[in-house]
Novice: 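Sharing a structure here in structure tokens format.
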Amino acid sequence: MSVPVALPAALSYGVADFAGGLAARRAPVLVVTLVAQAAGLLTLLPAAWLLPGHPSAAAIGLGVLAAIGGTSGLLLYLRALAVGPMGVVAPLSSVVGAGLPLAVGVLTGERLGTLTVVAIVVALVAILMATAGTRRDAAATTGILLGLAAGVGFGLFFVGLGSTPDDSGLWPLLAGRVVSVMVVGALVLRHRLPLRQGVRPVVRLRQTVGAARPVTEQAPAPLPARWMIVSGVFDSAANVLFLLSARLGDLAVSAVVVSLYPVVVVLLARVVLRERLTVMQLVSAALALGASVLLAVA
């Protein structure tokens, strides 16, 4: 019953990550995270009123702990998307992010049917195949390492959020987002990062001995606020949908379905950035669709 809610969450996470990754290429990661988190907080306020609950100490505490893991993961993830290929970073981070709650769910007694197990395996294979055929340079390696670390943060976020009381409504998300905005805001102020100016890559000719060669430099540019706001709004929507899906069904299944978001990132990178898709990545998208169907009928 959780799959119909988890699938839109995966779509929303994909859009949020893609938009945040684009913004992080033209602005400091901390600034991108602050604006996105603030936009997400404003999105949560009316949602919390529509889905009321009991703000217990357990709900607030688990929400804050989940937010610490999720915000740490987001900072690492946006940096990874900025320096590495999106088609590699997103799938690898999602494998780790899905694996941790999957293990916790099984260890805490969640019983998975045969068809569900097959669908989960297919989904994990789809996530891994989405990394096939992309570049492997120094920047890509850095992005991959940051993406794996981000996956740990995402996994802790999923586990923490899935452990909140069922009657807490959206209070865990709201409390966690408030703390996240405060912490990231303090970091932005400490590092005195500009909130009104971003950067953009500019290719200039630099004169050398005997010839001029092109050099890519960073030039001032308007802050990509639009992409930051899109990222924050869709991220909050995805968090709400994941929380509801985890309460409607198994944490393990919800986490794996939500972690199909890299397929969305890869497809958006193809359409918007014109990144080429390999045969393996196309097969990955087909497997992800098949896994979603299997989980829906399981």
Side-chain angles (χ1 to χ4, degrees), residues 1-17 19-20 33-71 73-74 94 97-98 100-101 104-105 108 110 153-185 228-261 264 292 295-296:
M1 187 174 180
S2 62
V3 175
V5 182
L7 282 174
L11 177 62
S12 295
Y13 274 131
V15 174
D17 291 347
T33 304
L34 175 60
V35 176
Q37 294 285 295
L41 176 59
L42 294 177
T43 304
L44 277 176
L45 291 176
W49 180 75
L50 293 173
L51 297 171
H54 179 58
S56 63
I60 302 300
L62 287 170
V64 170
L65 290 176
I68 292 173
T71 303
L74 182 61
S94 70
L100 186 58
V104 170
T108 54
E110 291 185 359
F154 292 153
L156 293 174
F157 172 78
F158 290 147
V159 171
L161 206 57
S163 303
T164 57
D166 292 340
D167 64 347
S168 58
L170 299 184
W171 280 103
L173 285 175
L174 194 59
R177 187 56 59 99
V178 169
V179 171
S180 176
V181 170
M182 293 174 61
V183 171
V184 178
M228 300 179 192
I229 294 172
V230 168
S231 178
V233 170
F234 275 87
D235 179 66
S236 281
N239 289 341
V240 171
L241 291 170
F242 169 75
L243 180 59
L244 294 177
S245 68
R247 289 174 178 173
L248 290 171
D250 295 328
L251 171 64
V253 174
S254 297
V256 172
V257 174
V258 165
S259 294
L260 290 171
Y261 68 84
V264 180
S292 302
L295 287 169

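If you're wondering where the values come from, they're calculated on a predicted model, not measured in any experiment.
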Novice: Only pairs at least two apart or in different chains count here, so list each ring pair (Phe, Tyr, Trp, His ring centres under 6.0 Å) that has a residue in residues 158-180.
Specialist: F158-F242
Novice: Working to the nearest 0.5 Å, report the span between CG of L260 and CG of L7.
Specialist: 7.0 Å
Novice: Could you check Y13 against V264 for side-chain contact (heavy atoms from CB on, under 4.5 Å), going step by step and ending with a plain yes or no?
Specialist: CA-CA 8 Å; Y13 274 131; V264 180; over 6 Å; no
Novice: With sequence neighbours excluded, what pairs up with F154 under the ring-ring contact (aromatic ring centres under 6.0 Å, His included) test?
Specialist: Y77
Novice: Applying side chain to side chain donor-acceptor pair (under 3.5 Å), which residue pairs with at least one partner in residues 60-71 are found, sequence neighbours left out?
Specialist: T71-S180
Novice: Which pairs pass salt bridge (Lys or Arg N to Asp or Glu O under 4.0 Å) with one or both residues in residues 234-243, sequence neighbours excluded?
Specialist: R177-D235
Novice: Taking all atoms of both residues into account, what is the closest heavy-atom pair of V181 and L34, and its distance?
Specialist: O-CD1, 3.8 Å
Novice: Going by side-chain contact (heavy atoms from CB on, under 4.5 Å), name the residues that satisfy it together with S231, two or more places apart in sequence or in a different chain.
Specialist: A16, A19, A36
Novice: Do any N or O atoms from the side chain of S245 and from the backbone of S254 form a donor-acceptor pair under 3.5 angstrom?
Specialist: no
Novice: Got a second to check how far L44's CG is from L50's CG, nearest 0.5 Å?
Specialist: 11.5 Å
Novice: Give every residue pair that meets the side chain to side chain donor-acceptor pair (under 3.5 Å) criterion with at least one member in residues 155-170, sequence neighbours excluded.
Specialist: T164-R247, S168-R247
Novice: State, with a plain yes or no, whether a side-chain heavy atom of V64 is found less than 4.5 Å away from one of V178.
Specialist: no
Novice: Report the residues that fulfil side-chain contact (heavy atoms from CB on, under 4.5 Å) with A66, sequence neighbours left out, ordered by chain and then residue number.
Specialist: F157
Novice: Find out whether L62 and P172 are in side-chain contact, i.e. whether some heavy atom of one side chain is under 4.5 Å from a heavy atom of the other.
Specialist: no
Novice: Is there side-chain contact between Y261 and V15, with heavy atoms separated by less than 4.5 Å?
Specialist: no
Novice: If you look at every heavy atom in A9 and V258, which pair is closest and at what distance?
Specialist: CB-CG2, 3.9 Å
Novice: Can you name the closest pair of heavy atoms from G162 and A246 and give their distance?
Specialist: CA-CB, 4.4 Å
Novice: Among residues two or more places apart or on two chains, list those pairs meeting side chain to side chain donor-acceptor pair (under 3.5 Å) that have a residue in residues 43-61.
Specialist: none
Novice: To the nearest 0.5 Å, how far apart are CG in L161 and CG in L65?
Specialist: 11.5 Å
Novice: side-chain contact (heavy atoms from CB on, under 4.5 Å) with A48: which residues, sequence neighbours excluded?
Specialist: L170, L174
